[in-house]
Amino acid sequence: METILDAPFMVELIRTTTNMYDHGWDERNGGNISLLVDEEELARYLDVSHPLRSIPTGFDAPTLDGRCFLVTGTGKYFKNVQYDPENNLGVIRVTDSGRTAELLWGYADGGSFTSELPAHLMSHAVRLAENPANRVIMHCHPANLLAMTFVHDLDERAFTRTLWQMCTECMIVFPDGIGVLPWMLCGTNEIGEATAEKMRRSRLVVWGQHGIYGAGADLDETFGLIETAEKAAEIYLKIAQMPILQTITDDELREIADWFHVTPREGYLDLA
Ligand code: 2HA
Ligand code: ZN
């Protein structure tokens, strides 16, 4: 049997956690990732018929029964994943209408999945219903987006429009906009449900005074989504205190959308 440490999905996830740490998005134990992996693929590396232990999740996710995820561990540091994947990561299979996670590999020191598993699995369920190719939910604490939640209106139309106006790329990368939640206690089923509800409409969800969630078909796409929004937030913070002499107009945003064949979130552009 091949070692799971050489599996392409494992190599990619380890590289991604390291890259996110290097971007300053995941201080200490900040941030978490879950990646959907097919059981048939896992069976090349693991005996999937013998779970190591079962861990209760504390919530329901009936549509995910039988699905397997590679998930970062609770209390673990992204900085350390590359040096010790087996303690910092785990592979779980969701069973029992989502109430139980069977551990197939990892969390070797007796650990468990991220405290944000409710937000991850509830968001996976919603995104899979929208796009069966969705595989990744990613959470992190990028400084500029976080800072923006202190000084910008949290209305999600206004927040989205500001980001779209900061860089031409934004309309192309997230035409579906960005959902925004006010500050809420993290790690709870409530914030999980609220995040998943926002994920119906947009693949990015900001948590006020905390961080951001992104969803995508693979790790690169999801990282790029967050990276693009974070770049726009950085530009916003650089210019917010200066007189604005020109911006990207709504007609120009429409022009970008038409040229790149993307559909802006309905009602978010003011067009004559
Ligand atoms: O796991 O980022 O939101 C640490 C966090 C909690
Ligand atoms: Zn967080």
Side-chain angles (χ1 to χ4, degrees), residues 13-14 16-35 55-59 61 69-92 101 103 106-127 136-150 154 156 159 178-199 202-216 219 222-223 225-227 229-230 233:
L13 187 116
I14 293 170
T16 303
T17 52
T18 302
N19 190 20
M20 291 171 77
Y21 175 73
D22 290 344
H23 273 67
W25 297 352
D26 297 278
E27 74 291 341
R28 200 175 183 275
N29 63 320
N32 22 78
I33 306 180
S34 54
L35 169 68
I55 313 173
T57 65
F59 59 90
F69 297 90
L70 175 59
V71 187
T72 51
T74 183
K76 302 302 191 201
Y77 296 15
F78 272 29
K79 169 174 87 66
N80 296 337
V81 171
Q82 62 180 318
Y83 306 113
D84 192 3
E86 198 162 355
N87 276 324
N88 289 288
L89 304 174
V91 175
I92 58 169
L103 182 65
Y107 309 140
D109 58 3
S112 185
F113 43 73
T114 168
S115 58
E116 303 294 2
L117 197 72
H120 279 256
L121 291 196
M122 292 176 195
S123 294
H124 272 289
V126 164
R127 289 313 310 168
V136 178
I137 300 293
M138 183 182 282
H139 166 64
C140 57
H141 305 156
N144 294 292
L145 277 164
L146 224 159
M148 200 171 150
T149 68
F150 288 79
L154 291 185
E156 55 196 18
F159 207 95
I178 185 161
V180 183
L181 289 177
W183 185 90
M184 293 174 74
L185 188 62
C186 56
T188 62
N189 290 353
E190 288 70 26
I191 201 168
E193 283 156 15
T195 306
E197 189 52 40
K198 295 286 182 196
M199 282 268 178
S202 43
R203 295 159 299 145
L204 282 170
V205 179
V206 168
W207 284 4
Q209 297 79 51
H210 183 135
I212 189 161
Y213 268 75
L219 288 160
T222 315
F223 180 93
L225 191 57
I226 293 176
E227 185 182 29
E230 169 64 358

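Numbering of ligands and ligand atoms starts at 1, following listing order.
- A ring-centre distance under 6.0 Å is found for F223 and H23.
- Note: no N/O pair closer than 3.5 Å links S115 and ligand 1 by distance alone.
- Closest to atom 3 (O) of ligand 1 among all protein heavy atoms lies E116 OE2, 2.5 Å.
- The protein non-hydrogen atom at the shortest distance from atom 4 (C) of ligand 1 is N29 O, 3.1 Å.
- Near G30, meaning under 4.0 Å from any of its heavy atoms, are these atoms of ligand 1: 2 (O), 4 (C).
- For the pair G31 and ligand 1, the shortest N or O to N or O distance falls below 3.5 Å.
- No N or O atom of T114 sits closer than 3.5 Å to an N or O atom of ligand 1.
- Shortest non-hydrogen contact noted between G73 and Y107 is CA-CE2, 3.6 Å.
- Taking the Zn ion (ligand 2) as the apex, the angle formed with NE2 of H139 and NE2 of H141 is 100°, to the nearest 10 degrees.
- Residue H210 counts as close to the Zn ion (ligand 2), with an N, O or S atom under 2.8 Å.
- Checked options H120, H124, H141; the residue passing with Y213 is H120 (criterion: ring-ring contact (aromatic ring centres under 6.0 Å, His included)).
- Interface atoms of ligand 1 facing H139, defined by a heavy-atom separation under 4.0 Å, are 2 (O), 3 (O).
- The shortest N or O to N or O distance between W207 and ligand 1 is not under 3.5 Å.
- With contacts defined as side-chain heavy-atom distances shorter than 4.5 Å, the pair M138/L219 qualifies.
- E116 places no side-chain N or O within 3.5 Å of a backbone atom of C186 that could act as its donor or acceptor partner.
- For the residue pair T195/W207, the side-chain donor-acceptor check at 3.5 Å is satisfied.
- What you find for N189 and G58 is that their closest heavy atoms are ND2-O, 3.0 Å.
- Taking every heavy atom of both residues into account, L204 and G214 meet most closely at CD2-CA, 4.2 Å.
- Protein heavy atom nearest atom 1 (O) of ligand 1, with residue, atom name and distance: N32 ND2, 3.0 Å.
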